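Structure first, commentary second.
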Amino acid sequence: MSAELRITLAGAERVVAAGTTAGDALEADGRTVIAARVNGEARDLAHEVAEGDVVEPIEVSSDEGRAIVRHSTAHVMAQAVQELFPGAKLGIGPPVDNGFYYDFDVEQAFHPDDLKRVEKRMRDIVKQGQLFSRRAVSDDEAREELAGEPYKLELIGLKGGSLEEESVEVGAGQLTIYDNLDPKTGELCWKDLCRGPHVPSTRSIPAFKLMRSGGAYWRGSEKNPQLQRIYGTAWESRDKQDAYLKMLEEAEKRDHRKLGAELDLFSFPDELGSGLAVFHPKGGVIRRVMEDYSRRRHEEAGYEFVNTPHITKEKLYQVSGHLDWYRDGMFPPMELEGARYYLKPMNCPMHNLIFRARGRSYRELPLRLFEFGTVYRYEKSGVVHGLTRVRGLTQDDAHIYCTREEMRDELTSLLRFVLDLLRDYGLEDFYLELSTKDPEKFVGSDDAWEEATQTLREVAEAESLELVLDPGGAAFYGPKISVQVRDAIGRTWQMSTIQLDFNLPELFELEYQAADGTRKQPVMIHRALFGSIERFFGVMVEHYAGAFPPWLAPVQVAGIPIADAHIPYLQDVAKKLRERGIRVEVDTADDRMQKKIRNAQKSKVPFMLLAGDDDIANGAVSFRYRNGEQKNGVSVEEAIAEIVNAVERRVQV
RNA sequence: GCCGACGUAGCUCAAUCGGCAGAGCAUCUGUCUUGUAAACAGAAGGUCAGGGGUUCGAUUCCCCUCGUCGGCUCCA
């Protein structure tokens, strides 16, 4: 056998001794370079290279490197858990976005205090510097070694099954076990079935923290037993971790549930029931302005406004198929006069009735019906969440009926319309997601799907936005494009959806008379821009951290007198502002001026106008802006112009 | 729906190992009023989420319901 091997390292050929590890070849320290990519596959640094291998470093600060650190940290956590809770059986423990988790079958769910104990034990293990050592095993050997781990045994049994079942525990080929070894004695401390790779030593884990625990179904199915999952985060440095924790803190500060209460925007009275919001005056005015602007834009874009009731006899949802498909998501019916009535979960069937109310001509198409339609959905008790997941919501719902020939132009202008409008609300950073046909479950002809999907794709590509594919993700009745928005701190939210529907026109027997006198079926496009107003409202609160741009701010101007004597002067200024449509409040309370500023600041009013003797003498006011800056002695006319201008241009200040 | 944590004044949070429930802010009243984030004083505010049980006595212990939070599943 040859004592030398030829490998490619960082693009250059190198000759190394046989038995050289990837770590040796890369001169990896196990700190910055924590694993290797050998012929494209991620490997441990201890992996021995072979003739002709292409070896590249995996740095801890790359996505792949972080995932390896996180995966290794999950192992450390599992070891700590099994030491502290000897009966704990292992589920799976993969890296995920920003961290990792591990599932355990334990007698009793973890208490927050338990996490502290586990974390402490983990720190000891990390400090000890246990080595991750890979060992290939046969299926039978693995079964024998893991006889006490029923879930691992199940995974071994699944090996070679469908690709989807491939996991971090079990790859497609050879099974491997990772031993964690005491660095001094070489003694086995712990082991786990795992395909790897791992960092060389627990000391290569620079920063980690346990976050929370919760229940999780084994292999993601509610038919399976529930395990206890612990989530943690891990990073390539303490600084990166701190930055991440700070981002979470920032997100918490922006939480719309918290800000909604603080700013007196909305609440969820217990008396109403879970997931049913009431909007207070300050939230109500934001909502009204959001809706008004949307109405105006829709009107300009050729939409017609309709209104439909909140309840209906069951027949409608039998025809539409909703009772077949989504009965569990609907509130149960109420019986009256021998009929069953349902709260409506969707507006489209009612809009179809409007389309069908008389014969339709091709000349009327595209027919664009728009409604702020309130719907009720029985969301399961565990999922309601602030304004983003509610049981009563108002959709800015439009249904567009057009001919097959018109579909392309309609979708193009529709997507542009949607993006433009979202930009007007201050959302700038988008990507699109295209959900295509599930070959197992669909209605409509193949060529209709093909044409619609292709059209959506072209329309999306024409916007030169990032397009993410979601193969098989469409509903059975038609393909969908959705607009994903990144907010001010980089979180993504699914906002608008544009969905083609080949099913409802059929079920409702919708038709129009074409130019040649024949009757044809229109194409139907479902489209919501905000999705639900409640949810959009919540996203806006978080995006702006409650500091709405002036056009949306519930109170746009706070008038603050230096002393009571200046109140009439400010009230006069306020009157002039009101005449220009500005929402202004003069603070006449029995507080000192400093306190009034503090109150206005806390309520995130965009403009404070102060007036004292000096201002009055000059026919002026003094600005204080939200960021604390001030501009003194501005003439009343100029001040009004500045405020009106900011509102009209819908800018943030 | 499932697993877990939790529910005390409008808000944020104390206290009671089963024996008359407390603070700050907000509210109300009064006193005081001049330049960019909290004047002073007093008052009022609670069926300790709701219901049932154990007990001489329950905010405290047990059960149920409702609600909130964190996960899982679901999301037309």
Side-chain angles (χ1 to χ4, degrees), chain A residues 101 103 106 108-114 211-231 255 257-258 261-262 264 267-276 317 320-330 345-349 375 377-386 388-390 395 474-478 480 494 497 499 501 503-504 526 528 531-532 535 558 560-567 589-603 608-616 622-626 628-633:
Chain A
Y101 66 80
D103 289 343
V106 281
Q108 237 180 342
F110 297 109
H111 190 270
D113 293 339
D114 294 335
M211 304 301 286
R212 53 177 59 98
S213 62
Y217 297 111
W218 169 237
R219 295 178 56 213
S221 168
E222 57 187 331
K223 295 189 190 81
N224 288 337
Q226 198 155 43
L227 307 181
Q228 292 301 316
R229 175 172 298 178
I230 302 179
Y231 282 93
D255 189 319
R257 294 165 300 185
K258 184 173 128 85
E262 274 173 23
D264 196 15
S267 61
F268 291 91
D270 286 359
E271 291 82 345
L272 296 187
S274 186
L276 298 167
Y317 288 107
S320 70
H322 285 98
L323 279 171
D324 294 333
W325 294 94
Y326 308 114
R327 181 188 296 270
D328 289 349
M330 294 168 68
M346 290 192 88
N347 300 302
C348 32
V375 299
R377 295 176 179 183
Y378 179 68
E379 299 287 0
K380 289 191 288 184
S381 61
V383 306
V384 294
H385 180 94
T388 56
R389 196 76 181 271
V390 290
Q395 298 181 298
F476 68 92
Y477 51 78
K480 168 175 90 171
Q494 179 181 315
T497 57
Q499 181 136 27
D501 188 342
N503 189 40
L504 283 182
H526 301 247
S532 104
R535 190 179 127 87
I560 297 177
I562 301 299
D564 284 356
H566 311 116
I567 288 175
D590 189 25
D591 287 319
R592 292 188 184 256
M593 178 263 299
Q594 288 85 345
K595 181 63 178 293
K596 293 181 181 181
I597 287 169
R598 179 181 154 85
N599 287 343
Q601 197 81 48
K602 287 204 330 184
S603 70
M608 285 174 227
L609 287 187
L610 284 75
D613 288 344
D614 297 348
D615 297 294
I616 293 176
S622 294
F623 274 99
R624 180 188 163 100
Y625 301 97
R626 258 191 308 225
E629 281 173 27
Q630 41 179 302
K631 187 159 81 182
N632 298 329

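Letters A, B, ... are given to chains in the order of the sequence lines, protein chains preceding strands, and every chain is numbered from 1. None of the values given here were measured: they were computed from a predicted structure.
- Rounding to whole angstrom units, CG of residue A:Asp590 and C1' of B:A39 are separated by 10 Å.
- The listed nucleotides are B:A37, B:C3, B:U34; the one nearest the side chain of A:Gln228 is B:C3.
- Residue contacts shown for A:Gly220 are limited to sugar-phosphate atoms, with no base heavy atom under 4.0 Å away.
- Residue A:Pro345 is classed as a base contact, given a heavy-atom separation below 4.0 Å to a base.
- Side chain A:Asp615 to base B:G35: a donor-acceptor pair is found below 3.5 Å.
- Side-chain N/O atoms of A:Arg377 and base N/O atoms of B:C75 include no donor-acceptor pair closer than 3.5 Å.
- Rounded to whole Å, the separation between the C1' atoms of B:A26 and B:C13 comes to 15 Å.
- Side chain A:Arg592 to base B:A37: no donor-acceptor pair is found below 3.5 Å.
- When only modelled atom types and interatomic distance are considered, A:Gln630 and A:Asn632 share a side-chain donor-acceptor pair under 3.5 Å.
- With B:G67, B:A76, B:G71 as the choices, the nucleotide that has an atom nearest any side-chain atom of A:His322 turns out to be B:A76.
- A:Phe476 comes within 4.0 angstrom of nothing in the nucleic acid, heavy atoms only.
- You'll find that the side chain of A:Glu222 is closest to B:U73, out of B:A76, B:U73, B:U36.
- As a whole-Å value, the separation of A:Tyr378 OH from B:C74 P is 17 Å.
- Donor-acceptor pairing under 3.5 Å, judged by distance alone, is present between the side chain of A:Gln226 and the base of B:C2.
- Taking atom C1' on both B:G18 and B:U54, the two are 11 Å apart, rounded to the nearest angstrom.
- Mapping A:Gly628 and A:His111 onto RNA chain B by nearest heavy atom places A:His111 at the nucleotide closer to the 5' end.
- Side-chain proximity of A:Tyr217 to the nucleotides B:C2, B:U36, B:A5 is greatest for B:C2.
- Side chain of A:Gln499, nearest nucleotide from B:A76, B:C3, B:G35: B:A76.
- Among the nucleotides B:A39, B:C72, B:A76, the one closest to any side-chain atom of A:Lys595 is B:A39.
- With hydrogens and angles ignored, a donor-acceptor pair closer than 3.5 Å exists between the side chain of A:Arg389 and the base of B:C74.
- Of the two residues contacting RNA chain B, namely A:Lys480 and A:Gln630, the nearest-nucleotide position lying further toward the 5' end is that of A:Gln630.
- Side-chain atoms of A:Lys380 and base atoms of B:U73 include a donor and an acceptor less than 3.5 Å apart.
- Residue A:Tyr231 is classed as a sugar-phosphate contact, given heavy-atom separations below 4.0 Å to backbone atoms only.
- The phosphate of B:G70 has OP1 or OP2 within less than 4.0 Å of a side-chain N or O from A:Arg257.
- Following rounding to the nearest Å, A:Lys602 (NZ) and B:C25 (P) show an atom-to-atom distance of 11 Å.
- Note on A:Arg229: only backbone sugar-phosphate atoms sit closer than 4.0 angstrom, heavy atoms only; bases stay farther off.
- Closest approach to the A:Gln594 side chain among B:A38, B:C3, B:G70 is made by B:A38 (side chain taken as heavy atoms from C-beta onward).
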Does the side-chain contact (heavy atoms from CB on, under 4.5 Å) test come out yes or no for A:Arg377 and A:Met346, once each step is laid out?
CA-CA 9 Å; A:Arg377 295 176 179 183; A:Met346 290 192 88; 3.6 Å; yes

Candidate pair A:Leu609 and A:Phe623, rule side-chain contact (heavy atoms from CB on, under 4.5 Å), full reasoning
CA-CA 5 Å; A:Leu609 287 187; A:Phe623 274 99; 3.6 Å; yes

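- Among the atoms of the strands shown, base atoms are found under 4.0 Å from some heavy atom of A:Asp613.
- Listed candidates were B:A76, B:U36, B:A37. Nearest to the side chain of A:Tyr326 is B:A76.
- In this structure, the nucleotide among B:G1, B:U36, B:U34 sitting nearest to the side chain of A:Ala563 is B:U34.
- Among B:G1, B:C32, B:U68, the nucleotide with an atom closest to any side-chain atom of A:Ser274 is B:U68.
- A:Tyr317 has its side chain within reach of A:Met330: a pair of non-hydrogen atoms, C-beta onward, lies under 4.5 Å apart.
- In this structure, A:Gln494 atom CD and B:A76 atom C1' are separated by 12 Å, rounded to whole Å.
- Here the side chains of A:Met593 and A:Ile560 are in contact, with some heavy-atom distance below 4.5 Å.
- Distance, A:Tyr101 OH to B:U73 P: 8 Å, rounded to whole Å.
- Residue A:Ser622 is in base contact, counting any heavy-atom pair closer than 4.0 Å across all strands shown.
- The residue A:Ala475 sits apart from the nucleic acid: no heavy atom pair falls under 4.0 Å.
- The base of B:C74 has none of its N or O atoms less than 3.5 Å from a complementary donor or acceptor on the side chain of A:Asp328.
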